[in-house]
Amino acid sequence: MNPSLSPISEESGSSFSPSPPSAAWLTALGRIEGSTVADPAIRALQRGIRSLPLGDVRDLLRGRPLGHPVHPVLVQVPIGCWLSAAVLDVVPKPAVRTAPTILTAVGLAGIAPAALSGWTDWADLPPEQARVGLAHAVTNVAAVAFYTGSLAARLRGRSAKGKLWSLAGLTAVAVSGALGGHVAYRRAIGGV
């Protein structure tokens with residue numbers, strides 16, 4: 001296991017024994033962090049993002065006026081809408097049948113600011129964190145594709161297909177959230 005992912009509580013310094021799924025997850029993350037396959041693409045993307053003439057907008061996207069990263073705040077809109085849509089999908093009442101479609105659309109609309117702030121933070125990450133961050137972004141692209149498929153199906157009146165696409169999207173969001181959480185919290189990245 002990657003020594004930086006050792007089962008030591010950062011707060012207390014005491015050892016703990018992760019459950020088998022946690023150990024497998026941490027091992028997988030260690031492999032992503034240690035793999036240099038995507039490094040040339042990562043460096044090119046990071047240079048490109050850092051070179052964008054964003055001016056003061058870069059500080060807003062990084063959350064400097066708030067004193068903390070803004071990306072975790074902005075992702076609440078799409079995630080909240082999509083989770084709410086999943087809950088409403090299982091409610092059998094006819095009155096709520098259009099609500100998941102609306103929430104799916106609002107979630108998709110909320111992606112742009114969340115993605116912009118995330119890419120702005122990602123552009124300054126060191127290689128190990130950038131690798132997991134890229135996996136986070138790729139998983140988000142899958143989630144957006146699934147939710148776009150869900151919205152398209154719902155708008156065509158194919159609610160069952162829309163629900164299936166939504167479930168796939170929510171699964172991708174869960175994986176993406178775990179990857180992003182690893183970068184942000186376990187690695188303590190995102191300081192402004």
Indicate if [X] and [Y] have the same hydrophobic cluster label, given that clusters are the connected sets of ILVMFWY residues with side-chain heavy-atom separations under 4.5 angstrom.
X    : Y    : result
L52  : V57  : yes
W165 : L103 : no
L164 : L170 : no
V144 : L74  : no
W25  : L134 : yes

Looking at every non-hydrogen atom in both residues, tell me the closest pair between [X] and [Y] and how far apart they are.
X    : Y    : value
T36  : P40  : O-CD, 3.9 Å
V75  : A114 : CG1-CB, 3.8 Å
G107 : P78  : O-CB, 3.3 Å
I49  : A123 : CG2-CB, 3.5 Å
A172 : T139 : O-CG2, 3.2 Å
K163 : D89  : NZ-O, 3.2 Å

Any donor-acceptor pair under 3.5 Å linking the side chain of [X] with the backbone of [Y]?
X    : Y    : result
R158 : A153 : no
W122 : A130 : yes
T171 : L167 : yes
S166 : G162 : no
R58  : R50  : yes
S35  : I32  : no
H136 : L179 : no
K161 : R154 : no

Review point. Is there a side-chain contact (heavy atoms from CB on, under 4.5 Å) between H71 and L61 once you walk through the steps?
Key: CA-CA 7 Å; H71 179 70; L61 291 171; over 6 Å; no
Check your understanding: With a 3.5 Å cut-off and no angle check, do the side chains of T120 and S117 form a donor-acceptor pair?
Key ->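 Looking only at side-chain atoms, S117 and T120 do not form any donor-acceptor pair under 3.5 Å.
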Nearest 0.5 Å, please: how far is [atom2] in [Y] from [atom1] in [X]?
X    : Y    : atom1 : atom2 : result
L108 : T148 : CG    : OG1   : 4.5 Å
L151 : Y147 : CG    : OH    : 12.0 Å
L116 : L60  : CG    : CG    : 12.0 Å
L155 : T98  : CG    : OG1   : 11.0 Å
E128 : L29  : CD    : CG    : 11.5 Å
L83  : Q76  : CG    : CD    : 10.5 Å

Review point. Do D39 and R131 pass the side-chain contact (heavy atoms from CB on, under 4.5 Å) test, and can you show the C-alpha distance, the side-chain angles, and the key distance before you say yes or no?
Key: CA-CA 7 Å; D39 285 1; R131 293 172 193 138; 2.6 Å; yes
Practice item. Just do the side-chain contact (heavy atoms from CB on, under 4.5 Å) check on D121 and L125 with the steps written out, would you? Key: CA-CA 7 Å; D121 288 342; L125 293 180; 5.9 Å; no
Point to revise | Passing candidate, side chain to side chain donor-acceptor pair (under 3.5 Å) with D124, options Q46, Q129, R62 | key: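 Going through the options one by one, the only one that passes is R62.
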